[in-house]
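The structure under discussion appears below in the form of structure tokens.
Positions are given from 1 along the sequence. Not measured: the values here are computed from a predicted model.
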Amino acid sequence: MTTVKTTAATPPPRLPVRDKAAALGRGWGGLSPMLTRLAAERATGVLVRERGALHLADGKVVHAESPAAPGAHDLLAAHGTLDADAWARALAESAAHAEGAERTGAGTGTRRRTGAEVVHHAGRRLVEDGLLTPGALELCRLTALYDAAYFALAPSSAPGRFRYGSEDDLGSGRAAVPDTPGARADASGSPAGPAGPASRAGTPTGPGIPHPIPVADLERETLRRRDLLHRIWPDALVDEAPLTREYRPAPTPIPARRQAVLALVNGVRTASDIARELGRPAFHTLVDIRRLVAAGAVSARPVTLPGDPLPAPLPGPAGTGPPMDLTGTTAPVDPHITLLKRLRDALEAL
């Protein structure tokens with residue numbers, strides 16, 4: 001240990017302090033230190049967190065998934081933009097194509113295609129067949145990516161883990177394709193390797209090709225969404241708990257968009273369930289639900305413990321919606337744990 005002698009004329013050296021102004025100007029890097037490091041390393045692989053996963057290629061996010069958010073195919077098929085059977089066929093053909101390439105591409109240069117790649121390849125097939133426009137596919141893909149990333153980057157109680165390389169465990173999406181130059185071909189027969197439409201840096205171009213999202217943009221948008229929800233209603237319990245209606249007059253008329261959300265609140269469904277029922281992004285549904293909570297029309301269902309008396313049934317038309325689950329099996333949420341998680345996230349963001 002080195003000691004420094006000081007006098008009145010020479011004050012002691014100042015301790016190193018992080019430049020908060022620079023961090024504020026940068027506007028990102030506080031959500032997931034691991035994700036920030038992977039972006040700086042330009043890593044490729046899958047970052048698995050408690051509430052979702054982010055797929056990275058050269059340090060940029062190309063795909064995101066979360067159980068709390070509908071996928072791009074759900075958004076496409078919800079309002080008639082794409083027939084659900086057409087998506088299922090494209091996905092099956094994409095997986096079968098990858099499996100066939102695995103059987104015939106033995107040897108060096110063969111890798112397994114990830115589940116995210118199978119999904120993107122299915123989207124490209126739909127674009128090439130004229131069943132979907134490139135703009136509609138990219139719009140739904142980006143909407144689903146930002147939607148799932150919001151939940152994947154949420155505060156968690158478990159550390160994340162990163163799998164380097166191109167493999168993941170997405171069920172039937174596990175397939176192999178040859179990665180040698182000229183071995184892959186698109187629907188028109190032209191090679192998709194270094195000599196084809198892919199650029200020298202490895203970023204493909206063309207209709208239906210996903211555009212990677214920089215980590216800085218993704219984290220900045222996630223922070224913006226968090227701030228928006230906090231301004232509407234600061235309690236995040238309604239984001240995950242089953243929701244129940246408050247049968248009292250609202251102070252202001254409820255718009256038709258929120259009326260559709262309110263109609264599905266039955267004491268059992270969560271925000272994610274309602275989003276899937278409506279075919280809407282989960283975050284947009286959270287905005288509507290928090291506005292309904294702020295208006296006094298919706299609240300989180302009270303937590304019941306085993307042995308507690310069953311609550312009285314909610315008023316409303318008989319036979320609408322599934323029966324309520326009043327077994328009291330919902331695990332209580334400890335407010336102290338929630339507070340500690342928020343403190344940890346705030347300290348990491350300093």
Side-chain angles (χ1 to χ4, degrees), residues 50-52 66-71 74-75 77-79 144 147-148 150-152 154-157 225-226 228-339 341-342:
E50 187 176 29
R51 300 192 61 190
S66 171
D74 296 320
L75 302 179
H79 305 287
D147 200 35
Y150 172 81
F151 295 97
S156 61
S157 58
R225 295 187 177 199
R226 284 189 190 178
L228 173 62
L229 289 179
H230 185 79
R231 291 199 308 268
I232 297 173
W233 185 257
D235 188 3
L237 178 61
V238 294
D239 295 352
E240 302 180 28
L243 302 170
T244 183
R245 297 183 64 169
E246 296 288 342
Y247 288 88
R248 55 190 178 191
T252 57
I254 299 177
R257 177 183 176 85
R258 283 176 229 155
Q259 286 281 6
V261 175
L262 186 61
L264 294 178
V265 174
N266 62 352
V268 176
R269 294 189 181 98
T270 63
S272 297
D273 298 331
I274 294 175
R276 284 191 169 85
E277 287 282 342
L278 295 175
R280 298 179 182 177
F283 173 76
H284 296 178
T285 306
L286 289 183
V287 171
D288 291 331
I289 288 174
R290 292 215 190 185
R291 293 191 188 279
L292 289 171
V293 173
V298 170
S299 65
R301 195 185 75 183
V303 176
T304 57
L305 300 176
D308 290 348
L310 297 179
L314 295 175
T320 58
M324 290 182 60
D325 178 17
L326 301 178
T327 58
T329 57
T330 304
V333 178
D334 191 341
H336 300 290
I337 294 179
T338 303
L339 177 61
K341 289 181 180 179
R342 291 184 177 180

Can you check whether F283 reaches L229 side chain to side chain, under 4.5 Å on heavy atoms? yes

Contact check, side chains of V268 and P242, non-hydrogen atoms, under 4.5 Å: no

Do the non-hydrogen side-chain atoms of S299 and V293 ever get within less than 4.5 Å of each other? no

Within 45° of the axis and under 6.0 Å from the centre of the six-membered ring of F151, does NZ or CZ of R51 qualify? no

For the student: nearest non-hydrogen atoms of G71 and A144, plus distance: C-CB, 4.0 Å

Could you walk me through whether H284 and R257 pass the side-chain contact (heavy atoms from CB on, under 4.5 Å) test, one step at a time? CA-CA 11 Å; H284 296 178; R257 177 183 176 85; 3.5 Å; yes

Specify the closest pair of heavy atoms between L286 and A271, including all atoms of both residues, with the distance to one decimal. CD2-CB, 3.5 Å

Tightest non-hydrogen contact, residues A300 and A241, listed as CB-CB, 4.0 Å

Between V287 and I232, is any pair of side-chain heavy atoms under 4.5 Å apart? yes

Flag side-chain contact, heavy atom, 4.5 Å: R245 against L262: yes

Enter the distance from L264:CG to R269:CZ here, rounded to the nearest 0.5 Å. 5.0 Å

Atom of D147, atom of P70 and distance for their closest heavy-atom approach: OD2-CD, 3.8 Å

Using modelled atom types and a 3.5 Å cut-off, is there a donor and acceptor pairing between side-chain atoms of S272 and backbone atoms of A68? yes

If we only count heavy atoms from C-beta on, is the R280 to V261 side-chain gap below 4.5 Å? yes

Within the 3.5 Å criterion, strictly below it, is a donor on T285 or D288 matched to an acceptor on the partner's side chain? no

What I'd like to find out is whether the side chain of L243 reaches to under 4.5 Å of the side chain of T270, using heavy atoms alone. no

Shortest non-hydrogen pair, A275 vs A282, comes out as CB-CA, 3.8 Å

At their closest point, which heavy atom of I254 faces which heavy atom of A297, and how far apart are they? CD1-CB, 4.2 Å

Verdict with reasoning, R290 to D239, per side-chain contact (heavy atoms from CB on, under 4.5 Å): CA-CA 8 Å; R290 292 215 190 185; D239 295 352; 2.5 Å; yes

Does either side chain, that of S157 or that of E50, offer a donor lying less than 3.5 Å from an acceptor on the other one? yes

Checking R291 against W233 for the side-chain contact (heavy atoms from CB on, under 4.5 Å) test, could you report, in this order, the C-alpha distance in whole Å, the side-chain angles of both residues, the deciding distance, and whether it holds? CA-CA 7 Å; R291 293 191 188 279; W233 185 257; over 6 Å; no

